[in-house]
Participant: 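The following block contains the structure, expressed as structure tokens.
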Amino acid sequence: MQRKERKVKNRSVAIVIHEGVQALDVAGPVDTFHEANGHLKDEDRYEIVLVAASRAPLHASNRMRLIADMTFGEASRPFDIVLVAGGPALPDAAPDLQLNEWLRRAASHAELYGSICTGAFILGHAGLLEQHRVTTHWQNAGKLATMFPGSNVEADAIYIRDGRLITSAGVTAGIDMTLALIREFHGRDIALAVAKRLVVVAQRQGGQSQFSPFLTATQDPDSPVARIQTLITADIQKRHTLASLAAEVSMSPRNLTRHFIQETGVTPHEFIQRIRVDAARTILEASDSPLKSVAYACGFGAADRMRIVFKERLGVTPAQYRASFRQ
């Protein structure tokens with residue numbers, strides 16, 4: 001995308017805050033931009049301001065007090081980057097008409113606009129997600145997709161840049177997103193220097209599924225589907241086929257698949273793969289067992305097969321996963 005000329009000396013960044021905001025959604029990007037300033041020329045630094053409905057102190061979700069630099073009324077000039085910080089209550093919060101009006105206007109003039117974590121719900125209420133690829137915290141991705149069906153929600157992404165819109169996954173993913181912008185604007189070396197200073201990875205491998213089990217429980221624990229889930233979980237080493245699982249609950253394979261999808265949203269095969277990956281993750285995090293032993297214990301059969309499944313589903317190999325998450 002061709003960048004438009006900035007009309008101010010530094011790259012201006014407005015971050016929207018609100019009552020109940022996630023403190024790290026604010027502090028993460030602010031600190032990352034601030035660290036980048038130490039590596040940039042005076043004329044190419046970031047000017048960061050917090051914007052809210054008023055200058056009265058706000059309480060973050062952890063009860064930390066934050067105070068905006070500008071009100072919506074005061075923040076009338078164009079900003080190069082406009083970001084909305086998330087908060088745990090946002091998926092269930094009513095639209096804020098004053099915020100929506102300011103955000104639509106600010107986004108229309110910005111080089112980039114976007115959100116950290118559940119800030120995507122505010123963008124959705126402002127009508128800024130339509131026809132865009134977006135992401136948010138994995139726990140809220142389904143609700144975002146339901147509330148704003150005109151958007152294309154990708155639940156596993158750490159961050160997504162779609163034209164002028166950029167959205168990130170949960171909490172610390174705001175740092176990943178900010179580093180990606182710094183890398184885009186100023187190059188890999190400066191992004192790497194900032195990442196080293198913050199003691200984070202410059203470019204995280206894999207997606208959100210590294211951090212969440214992505215398994216769906218059934219509403220009825222006595223249903224045939226729940227019985228199948230229990231059976232699989234109790235013996236993940238066993239070779240479970242659709243025919244053998246259907247026989248366990250006296251159903252046809254086709255009927256079992258239909259019920260399984262209705263109750264969990266996935267096929268029996270998909271559930272088996274997910275439970276095996278989750279079991280392998282637990283072992284990799286907690287032990288130094290050889291990869292071939294982990295693969296056998298979790299039903300993959302061979303380490304090569306486990307490696308293929310991990311790369312497909314998590315974007316990293318078992319060895320890379322262990323290096324990142326070994327306790």
Side-chain angles (χ1 to χ4, degrees), residues 135-142 154-158 169-173 176 201 204-249 251 253 256-327:
T135 194
T136 189
H137 193 291
W138 63 268
Q139 286 183 315
N140 306 110
E154 298 183 16
D156 194 38
I158 298 295
V171 196
T172 59
D176 295 81
V201 293
R204 196 178 336 201
Q205 294 177 307
Q208 290 193 78
S209 50
Q210 297 174 66
F211 309 95
S212 58
F214 269 66
L215 297 176
T216 306
T218 60
Q219 294 181 350
D220 181 4
D222 296 320
S223 71
V225 171
R227 286 161 53 195
I228 291 298
Q229 287 181 318
T230 300
L231 178 70
I232 294 168
T233 305
D235 190 1
I236 59 174
Q237 285 185 339
K238 184 176 179 180
R239 182 175 179 271
H240 299 284
T241 66
L242 183 58
S244 67
L245 294 174
E248 290 285 344
V249 290
M251 298 174 71
L256 173 61
T257 299
R258 181 170 61 84
H259 279 278
F260 213 98
I261 293 173
Q262 284 177 345
E263 292 192 37
T264 70
V266 299
T267 65
H269 174 74
E270 174 69 12
F271 179 82
I272 292 170
Q273 289 284 61
R274 291 183 179 189
I275 202 75
R276 284 175 173 162
V277 168
D278 208 42
R281 287 168 46 195
T282 300
I283 297 174
L284 291 169
E285 291 171 11
S287 78
D288 293 318
S289 298
L291 294 182
K292 62 180 181 181
S293 299
V294 178
Y296 178 77
C298 297
F300 292 105
D304 286 345
R305 175 60 185 163
M306 182 172 70
R307 186 181 188 279
I308 291 170
V309 174
F310 262 62
K311 284 290 289 182
E312 288 176 348
R313 293 177 177 274
L314 304 185
V316 293
T317 66
Q320 288 171 327
Y321 183 88
R322 169 176 272 165
S324 296
F325 296 101
R326 175 76 171 92
Q327 296 176 2

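Values reported hereafter were calculated over all heavy atoms of this structure, with side chains retained and with hydrogens, waters and symmetry mates removed. What you are looking at is a predicted structure, and each value in this text was computed from that prediction instead of being measured.
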Participant: Do Cys298 and Ile283 make a side-chain contact, defined as non-hydrogen atoms from C-beta onward lying under 4.5 Å apart?
Facilitator: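 Of all side-chain heavy-atom pairs linking Ile283 with Cys298, at least one is under 4.5 Å.
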Participant: So which heavy atom on Ala173 is nearest to which on Ile158, and how close?
Facilitator: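 Minimum heavy-atom separation between Ala173 and Ile158: CB-O, 3.6 Å.
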Participant: Keeping His240 on the side-chain end and Asp235 on the backbone end, is there a donor-acceptor pair under 3.5 Å?
Facilitator: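 Checked: pair present.
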Participant: Can you name the residues that form a side-chain contact (heavy atoms from CB on, under 4.5 Å) with Ala295, not counting sequence neighbours?
Facilitator: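 Listed in chain order: Phe300, Met306.
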Participant: Is any side-chain heavy atom of Thr317 closer than 4.5 Å to one of Phe310?
Facilitator: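 No, their side chains stay 4.5 Å or more apart.
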Participant: Among all residues two or more places apart in sequence or in another chain, which pass the side-chain contact (heavy atoms from CB on, under 4.5 Å) test with Glu270?
Facilitator: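 Here the qualifying residues are Val266, Thr267, Arg274, Arg313.
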Participant: Could you pull out the closest heavy-atom pair between Ile228 and Leu245, with the gap in Å?
Facilitator: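 Result for this residue pair: CD1-O, 3.2 Å.
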Participant: Does Arg281 reach the side chain of Val277, with side-chain heavy atoms less than 4.5 Å apart?
Facilitator: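 Yes, close enough: below the 4.5 Å cut-off.
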Participant: State whether Arg307 and Asp304 are salt-bridged, where the test is any N-O pair (Lys NZ or Arg NE/NH1/NH2 against Asp/Glu carboxylate O) under 4.0 Å.
Facilitator: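 So Arg307 does not pair with Asp304 through a salt bridge.
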Participant: If you measure from CD1 on Ile275 to OG1 on Thr233, what distance do you get to the nearest 0.5 Å?
Facilitator: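 Nearest 0.5 Å value for the CD1-OG1 distance: 4.0 Å.
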Participant: Could you pull out the closest heavy-atom pair between Thr135 and Ala157, with the gap in Å?
Facilitator: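 Closest pair (atom of Thr135, atom of Ala157, distance): OG1-O, 3.3 Å.
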Participant: Which heavy-atom pair separates Val249 from Pro224 by the least distance, and what is that distance?
Facilitator: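 Reported closest heavy-atom pair: CG1-O, 3.8 Å.
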Participant: In Å and rounded to the nearest 0.5 Å, what is the CD to CD1 distance from Glu248 to Ile232?
Facilitator: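 With rounding to 0.5 Å, CD (Glu248) is 10.0 Å from CD1 (Ile232).
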Participant: So, for Arg322 and Val294, which heavy atoms are closest and what is the spacing to 0.1 Å?
Facilitator: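 Taking Arg322 first and Val294 second, the nearest heavy atoms are NH2-CG2, 4.3 Å.
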Participant: Hey, what do you get for CG (Leu242) to OG1 (Thr257), rounding to the nearest 0.5 Å?
Facilitator: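 One finds 4.0 Å between CG of Leu242 and OG1 of Thr257.
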Participant: Are side-chain heavy atoms of Arg305 and Ile308 found at a separation under 4.5 Å?
Facilitator: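 A side-chain contact exists here, since the closest heavy-atom pair is under 4.5 Å.
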Participant: Taking side-chain contact (heavy atoms from CB on, under 4.5 Å) as the test, write out the residues that go with Thr241, two or more places apart.
Facilitator: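 Scan of Thr241 (side-chain contact (heavy atoms from CB on, under 4.5 Å), adjacent residues dropped) gives Arg239, Ala243, Ser244.
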Participant: Restricting to non-hydrogen atoms, name the atom on Phe271 and the atom on Gln229 that form the minimum distance, rounded to 0.1 Å.
Facilitator: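 That would be CE1-NE2, 3.3 Å.
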